[in-house]
Amino acid sequence: MTSFRATALATALGSLVLAACADRTPVPPPGANHLTIHDAWVRQPPPGAPVAAGYMTIHNDSDAADHLVSAHTRFAEDIEIHTMRMANGMMQMRHLPDGIALPPNSDVALAPGGLHLMLMSPKPELAQASEIPITLVFEHGGAKTIPYVVRNLRGDSTSGHPHDDVSTPHTPDAHASH
């Protein structure tokens with residue numbers, strides 16, 4: 001009986017040591033509503049353009065990091081996550097296959113000249129739309145479908161409604177369709 005108690009005590013202590021050494025990085029629960037999207041918009045592509053760009057600000061209102069891993073819409077064949085940077089005096093675009101890190105309690109801006117969504121082979125109807133849905137896929141936050149205002153080359157809304165140019169917060173779960 002004594003060896004059983006010693007074994008049980010050693011096992012319990014070992015479990016406590018392992019638990020104490022475990023990674024304590026907080027992780028939001030799956031589907032947690034900790035992400036807010038602001039000012040989501042897509043630049044209206046000229047007819048026949050091979051790409052269009054999408055922008056937004058993502059607010060992570062959590063003590064845990066998250067990650068934008070992918071996006072998709074029926075208005076384009078594919079969406080890639082890209083960044084732009086200056087190298088040797090030239091602006092270069094680079095695909096980010098691992099997506100974008102979203103640090104805890106922070107905003108990450110996808111804006112012209114920086115991080116952005118690249119809509120590959122946009123469908124012709126995108127050029128005529130005033131708003132399109134884009135589904136964003138997050139590592140911990142799940143899939144969220146967000147309405148993106150379509151803006152012309154000057155940055156004006158194509159709907160003709162001036163309120164569409166105002167930054168409006170969108171809580172992703174309120175617009176989820178998938």
Asks: Please assess V69 against F138 for the test side chain to side chain contact (heavy atoms under 4.5 Å, CB included), listing each intermediate value before the final yes or no.
Replies: CA-CA 6 Å; V69 294; F138 298 94; over 6 Å; no
Asks: Does T73 use its side chain to pair, donor to acceptor, with the backbone of P133 at less than 3.5 Å?
Replies: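 Yes; judged by distance alone, with no hydrogens or angles, the pair exists.
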Asks: Which distance, rounded to the nearest 0.5 Å, do you find between the CG of D107 and the CE of M56?
Replies: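 If we round to the nearest 0.5 Å, D107:CG and M56:CE are 12.5 Å apart.
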Asks: Working to the nearest 0.5 angstrom, can you tell me the gap between F75 CZ and E131 CD?
Replies: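 One gets 9.5 Å once the value is rounded to the nearest 0.5 Å.
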Asks: Got N105 and D61 here, is their nearest side-chain heavy-atom distance under 4.5 Å?
Replies: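 Side chain of N105 against side chain of D61, heavy atoms only: contact under 4.5 Å found.
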Asks: May I ask whether L35 and V108 are part of the same hydrophobic cluster, defined by side-chain heavy atoms of I, L, V, M, F, W, Y residues being less than 4.5 angstrom apart, directly or through others?
Replies: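 Yes.
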Asks: Does the side chain of P45 come within less than 4.5 Å of L119's, by heavy atoms?
Replies: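 The answer is no, as the side chains (C-beta and beyond) never meet within the 4.5 Å cut-off.
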Asks: How many angstroms lie between NE2 in H34 and CG in L102, if you round to the nearest 0.5 Å?
Replies: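 Nearest 0.5 Å value for the NE2-CG distance: 7.5 Å.
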Asks: Carefully, step by step, assess L110 and I100 under the rule side chain to side chain contact (heavy atoms under 4.5 Å, CB included).
Replies: CA-CA 10 Å; L110 281 72; I100 300 171; 4.0 Å; yes
Asks: If every non-hydrogen atom of V42 is compared with every non-hydrogen atom of A52, which pair is closest and at what distance?
Replies: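 The pair with the smallest heavy-atom distance is CG1-CB, 4.4 Å.
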Asks: How many angstroms lie between NZ in K123 and CD in E77, if you round to the nearest 0.5 Å?
Replies: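 K123 NZ to E77 CD: 5.0 Å, rounded to 0.5 Å.
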Asks: Please report the closest heavy-atom contact between A65 and P104, naming both atoms and the distance.
Replies: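 The answer is N-CG, 3.8 Å.
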Asks: Report the C-alpha separation of R94 and R85 in whole Å, then their side-chain angles, then the decisive distance to 0.1 Å, and conclude whether the side chain to side chain contact (heavy atoms under 4.5 Å, CB included) test is met.
Replies: CA-CA 8 Å; R94 186 170 53 102; R85 66 184 177 110; 4.1 Å; yes
Asks: Between I37 and T57, is there a side-chain heavy-atom distance shorter than 4.5 Å?
Replies: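 Counting from C-beta outward, T57 and I37 never come under 4.5 Å.
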Asks: Hey, mind stepping through L126 and I132 against side chain to side chain contact (heavy atoms under 4.5 Å, CB included) and telling me if it holds?
Replies: CA-CA 8 Å; L126 172 60; I132 66 167; 3.6 Å; yes
Asks: Mind checking whether L96 and L115 have side chains closer than 4.5 Å, heavy atoms only?
Replies: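 SC-SC contact between L96 and L115 confirmed.
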Asks: Test your reading of the model: is there a side-chain donor-acceptor pair from H67 to the backbone of D98, 3.5 Å cut-off?
Replies: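 Yes; judged by distance alone, with no hydrogens or angles, the pair exists.
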Asks: Are any of the side-chain heavy atoms of I58 and T36 separated by less than 4.5 Å?
Replies: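 The answer is no; the side chains never approach within 4.5 Å.
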Asks: What is the minimum heavy-atom distance between V150 and Q44, and which atoms define it?
Replies: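 V150 and Q44 have their closest heavy atoms at CG1-CB, 3.7 Å.
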Asks: Quick one: pull up OG in S70 and CD1 in I81 and give me the separation to the nearest 0.5 Å.
Replies: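 So the gap between those two atoms works out to 6.5 Å.
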Asks: Looking at CG of D66 and CG of N60, how far apart are the two atoms once the value is rounded to the nearest 0.5 Å?
Replies: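 So the gap between those two atoms works out to 6.0 Å.
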Asks: Can you confirm if the aromatic rings of Y148 and W41 lie within a centre distance of less than 6.0 Å?
Replies: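 Ring centres of Y148 and W41 not closer than 6.0 Å.
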Asks: Please work out which of the three classes, parallel, tilted or perpendicular, describes the rings of H116 and H82, given edges at 30° and 60°.
Replies: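 Aromatic pair H82/H116 classed perpendicular.
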Asks: Any side-chain heavy atom of R43 sitting closer than 4.5 Å to one from P112?
Replies: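 Sidechains of P112 and R43: in contact.
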Asks: How is the hydrophobic cluster of M93 composed, in terms of its other members, when Ile, Leu, Val, Met, Phe, Trp and Tyr link through side-chain heavy atoms under 4.5 Å apart, directly or indirectly?
Replies: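 In the cluster with M93 are V51, M84, M91, M118, M120.
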